[in-house]
Enquirer: 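Take this structure, written in structure tokens, and hold onto it; I'll ask about it next.
Below, read A as the first sequence line, B as the second, and so on, with proteins coming before strands; counting in each chain starts at 1.
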Number of protein chains: 2
Amino acid sequence: MARAATTTDAFNAVAEPRRRQILDLLTHGELAVNDIVERMGVAQPLVSKHLKVLREVGLVDVRDDGRRRLYRLNPVPLKPIHEWVRGFEQLWSERFDRMDVVLTELMDAEPMEAERDGRDDGGDAAQRDRDAAG
Amino acid sequence: MARAATTTDAFNAVAEPRRRQILDLLTHGELAVNDIVERMGVAQPLVSKHLKVLREVGLVDVRDDGRRRLYRLNPVPLKPIHEWVRGFEQLWSERFDRMDVVLTELMDAEPMEAERDGRDDGGDAAQRDRDAAG
DNA sequence: AGAGCGTATACCCATATGGGGATACGTCAA
DNA sequence: TTGACGTATCCCCATATGGGTATACGCTCT
């Protein structure tokens with residue numbers, strides 16, 4: 001075997017930068033292939049291929065408009081990704097939790113946001129038993 | 001060219017199911033390669049390879065423990081992913097239109113937080129002008 | 001019908017991938 | 001030191017990929 005088909009799930013579909021870019025573009029609303037081609041500056045066939053992948057994963061919907069095809073974003077398949085990553089969100093905040101050194105590190109590394117507010121939404125894996133760690 | 005190197009960014013690293021699985025496992029705390037091998041039931045070299053990728057992307061840290069190597073999760077590189085996907089979060093709720101139905105849904109779907117506290121870190125594309133959509 | 005535009009496909013290539021098997025390397029146990 | 005264990009690497013393969021170019025398909029307009 002080689003690698004799993006990219007067209008399999010959103011995770012793979014989104015792993016490709018150009019595909020992400022397309023999704024970003026579609027965020028602004030429906031776009032015809034050519035619009036995307038222009039905005040991305042890549043060959044049309046390329047765009048069509050990427051769109052195909054996105055279509056197969058369900059990240060975009062198509063609509064015929066005369067001789068054009070309007071693509072529309074369908075963010076729903078991103079949900080699993082969001083959910084999965086969300087499980088780790090607390091970790092990169094809580095990393096402090098039982099850390100000590102880390103605190104220092106963070107202090108001068110990124111003093112910005114992303115920590116306070118003890119949200120414990122649905123972190124499946126994440127905090128389940130991070131105590132088993134130490 | 002072929003595809004971009006998987007080792008390039010977290011997006012790619014995480015596109016591989018096994019790699020995600022490893023990260024999930026590491027959620028419970030440090031693990032030696034063999035632990036992972038057992039829990040996943042795949043060949044050891046395979047695991048080592050995946051770990052290498054994860055290492056290169058910074059998703060795991062290694063620590064030497066005698067003849068074992070303990071791997072530890074480092075969720076930080078997931079942040080960009082989280083942030084990117086988060087930009088779409090609203091969309092898959094707003095999809096119905098933009099605020100009407102959604103409001104209701106939000107009400108009883110996630111009464112929690114997750115948006116208040118005006119962190120607007122990386123919501124690049126997403127809501128920028130979803131009004132251009134209609 | 002014919003011309004032209006917009007898009008999808010087909011085909012070809014180079015390459016990185018995930019996986020397998022064997023093995024080298026480093027560390028601990030005798 | 002020798003042997004066993006734990007892990008990383010090496011080499012090999014099949015395959016899917018992203019990209020390029022050419023072309024086929026579909027629709028619109030004249």
Enquirer: Give me the ring orientation class for B/His82 and A/His82: parallel if the planes are under 30° apart, tilted from 30 to 60°, perpendicular past 60°.
Expert: parallel
Enquirer: Looking at B/Lys49 and C/dG19, is any side-chain donor or acceptor paired with a base atom of the opposite kind under 3.5 Å?
Expert: yes
Enquirer: How about B/His50 and B/Arg19: does a side-chain donor come under 3.5 Å of a side-chain acceptor?
Expert: yes
Enquirer: Of the options D/dT7, C/dG19, D/dG20, whose atoms approach the side-chain atoms of A/Leu46 most closely?
Expert: D/dG20
Enquirer: Would you say the side chain of A/Val60 lies within less than 4.5 Å of the side chain of A/Asn74, judging by non-hydrogen atoms?
Expert: no
Enquirer: If you check the A/Arg67 side chain, which of D/dG20, C/dA29, C/dC5 turns out closest?
Expert: C/dC5
Enquirer: Any side-chain N or O of B/Asn34 under 4.0 Å from OP1/OP2 of D/dC5?
Expert: no
Enquirer: Could you check which of C/dG21, D/dT7, C/dG19 has an atom nearest any side-chain atom of B/Arg69?
Expert: D/dT7
Enquirer: To the nearest Å, how far apart are B/Asp65 CG and C/dG26 C1'?
Expert: 14 Å
Enquirer: Looking at B/Tyr71, I'd like to know whether one of its side-chain N or O atoms comes within less than 4.0 Å of OP1 or OP2 on D/dG6.
Expert: no
Enquirer: Which of these nucleotides, C/dG20, C/dA22, D/dT21, is closest to any side-chain atom of A/Pro45?
Expert: D/dT21
Enquirer: Distance check needed: C/dT7 P versus A/Leu51 CG, whole Å only.
Expert: 10 Å
Enquirer: Tell me the interatomic distance from A/Arg19, atom CZ, to D/dG19, atom P, rounded to whole angstroms.
Expert: 9 Å
Enquirer: Rounded to whole angstroms, how far apart are CZ on B/Arg39 and C1' on D/dG6?
Expert: 15 Å
Enquirer: Just the rounded figure in Å: distance from C1' of D/dT7 to CG of B/Leu54.
Expert: 16 Å
Enquirer: Rounded to the nearest angstrom, tell me the gap between atom CG in B/Asp64 and atom P in C/dC28.
Expert: 9 Å
Enquirer: Identify which nucleotide among D/dA8, C/dA8, C/dG6 has an atom closest to any side-chain atom of A/Gln44, counting heavy atoms from C-beta outward.
Expert: C/dA8
Enquirer: Compare the minimum distances between each of D/dT21, D/dG6, C/dT7 and the side chain of B/Arg68, then state the nucleotide with the smallest one.
Expert: D/dG6
Enquirer: Could I get the full list of salt bridge (Lys or Arg N to Asp or Glu O under 4.0 Å) partners for A/Arg69, not counting sequence neighbours?
Expert: A/Asp64
Enquirer: Can you check the B/Asp9 CG to C/dT17 P distance for me, whole Å?
Expert: 11 Å
Enquirer: Both conditions, 6.0 Å and 45 degrees, for the charged tip of A/Arg63 above the ring of A/Tyr71: are they met here?
Expert: no
Enquirer: Is the distance from OP1 or OP2 of D/dT17 to the nearest side-chain N or O of A/His50 less than 4.0 Å?
Expert: no
Enquirer: Taking atom P of D/dG20 as reference, at what distance in whole Å does atom CE of A/Met40 sit?
Expert: 11 Å
